[in-house]
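Working notes, beginning with the structure itself.
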Protein chains: 2
Amino acid sequence: MEQIDRAIVAALSADGRLSFTDLAERVGLSVSAVHQRVRRLEQRGVIRGYAAVVDYEALGLPLTAFVAIRPTDPAAPDDAPERLAHLPEIESCYSVAGEDFYLLKVRVASPVDLEGLLQRIRSMAGVTHRTTIVLSTPYEGRPARPPVPPADTD
Amino acid sequence: MEQIDRAIVAALSADGRLSFTDLAERVGLSVSAVHQRVRRLEQRGVIRGYAAVVDYEALGLPLTAFVAIRPTDPAAPDDAPERLAHLPEIESCYSVAGEDFYLLKVRVASPVDLEGLLQRIRSMAGVTHRTTIVLSTPYEGRPARPPVPPADTD
DNA sequence: ATTGAAATTTACTCTGA
DNA sequence: TCAGAGTAAATTTCAAT
């Protein structure tokens with residue numbers, strides 16, 4: 001990955017529907033050259049896909065929370081992520097260092113729905129949990145800004 | 001928002017580059033009707049934009065962490081989100097209930113870079129912090145599945 | 001790896017129902 | 001609010017450097 005690829009990723013990260021024409025203009029290459037680079041970035045998995053950025057309030061899911069979970073029996077097989085994967089309210093699942101084992105980000109319509117979700121999580125994953133309610137979101141999912149890698153000194 | 005709009009949002013949430021042709025087929029409407037609905041969803045802010053989903057490891061940012069921060073002086077004006085906004089390593093900033101005031105999600109290249117970032121956060125926002133390192137990410141940012149709203153009983 | 005151009009598909013607009 | 005037709009613009013492929 002060098003400069004131009006990083007510029008492409010940054011641009012598509014900010015606007016995933018940029019046309020190849022616009023993208024080509026921005027990075028100073030021909031349309032077909034950027035086309036080829038984008039395809040390669042997709043194939044290499046650097047760009048994993050494209051998604052609409054939605055307003056969860058407008059969608060009817062105004063309540064976001066982080067749920068830290070920890071197995072009741074730390075010796076039991078730890079397959080919590082798979083057991084929880086089918087719950088659509090769980091947007092993300094991170095395995096973390098520290099007191100807890102996993103951190104979940106969840107989106108629900110109301111406190112009552114959060115209560116129901118937590119009950120389901122408890123019953124399914126054999127876990128205890130600690131929940132942090134999100135009050136507001138100053139910003140979220142800002143576009144990736146690929147770092148400049150350390151210079152090769154061969 | 002009714003059924004068809006929810007289907008559109010779900011589809012574009014999973015694949016933000018779906019053509020209107022494919023989208024129309026999926027929701028069973030003409031291309032121009034879907035086009036019109038998508039434009040309206042964008043104008044109403046339900047769809048806030050589109051973004052490439054990137055692999056942060058491949059991008060050179062393999063280390064993700066959650067940083068909980070809390071002002072050293074709780075009486076001081078609380079403008080931490082704005083003060084921190086210019087740091088590109090901070091992907092998201094949530095105002096939260098509980099012991100801490102804000103929860104940040106950050107992406108960096110290495111532990112040393114995380115150390116540097118935490119120093120900058122401390123010096124700029126007048127805060128203490130608690131950091132949770134992400135070891136792995138079973139899943140993240142799964143497509144939004146708009147809920148079925150409670151039926152109108154007029 | 002890059003370009004320019006041809007061929008195809010898609011986006012977008014407008015008209016009418 | 002939807003469908004259809006027409007135009008403009010984009011994507012995609014290809015030959016050549």
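Letters go in sequence order (proteins before strands), and every chain restarts at 1.
- Using a 4.5 Å cut-off between side-chain heavy atoms of Ile, Leu, Val, Met, Phe, Trp and Tyr, with links allowed through other members, Leu117(A) and Phe101(A) fall into the same hydrophobic cluster.
- Taking atom CZ of Arg37(B) as the reference point, atom C1' of dC2(D) lies 9 Å away to the nearest angstrom.
- Between Phe20(B) and Val38(B) the shortest side-chain heavy-atom distance falls below 4.5 Å.
- Arg40(B) places its CZ atom 11 Å from the C1' atom of dC2(D), with the value rounded to the nearest Å.
- Look at CD1 on Ile4(A): it is 14 Å from C1' on dT3(C), rounded to the nearest Å.
- With hydrogens and angles disregarded, a donor-acceptor distance shorter than 3.5 Å links the side chain of Arg70(A) to the backbone of Glu99(A).
- Taking the side chain as every heavy atom from C-beta outward, Phe66(B) and Lys105(A) never approach each other to under 4.5 Å.
- Between Ile8(B) atom CD1 and dT1(D) atom P the separation is 12 Å, expressed in whole Å.
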Its contact letters, B for base, S for sugar-phosphate only and - for none at protein heavy atoms under 4.0 Å, make nucleotides 11-17 of chain D read SBB----

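- Considering all non-hydrogen atoms of both residues, Ile69(A) and Ala80(A) come closest at CD1-CB, 4.4 Å.
- To the nearest angstrom, P of dA11(C) lies 15 Å from CG of Leu29(B).
- In this entry the distance linking CD of Gln3(A) with C1' of dA1(C) reads 16 Å, nearest Å.
- Between the Asp79(B) side chain and the Glu82(B) main chain, no donor and acceptor come within less than 3.5 Å of each other.
- In this entry the distance linking CD of Glu25(A) with C1' of dT3(C) reads 16 Å, nearest Å.
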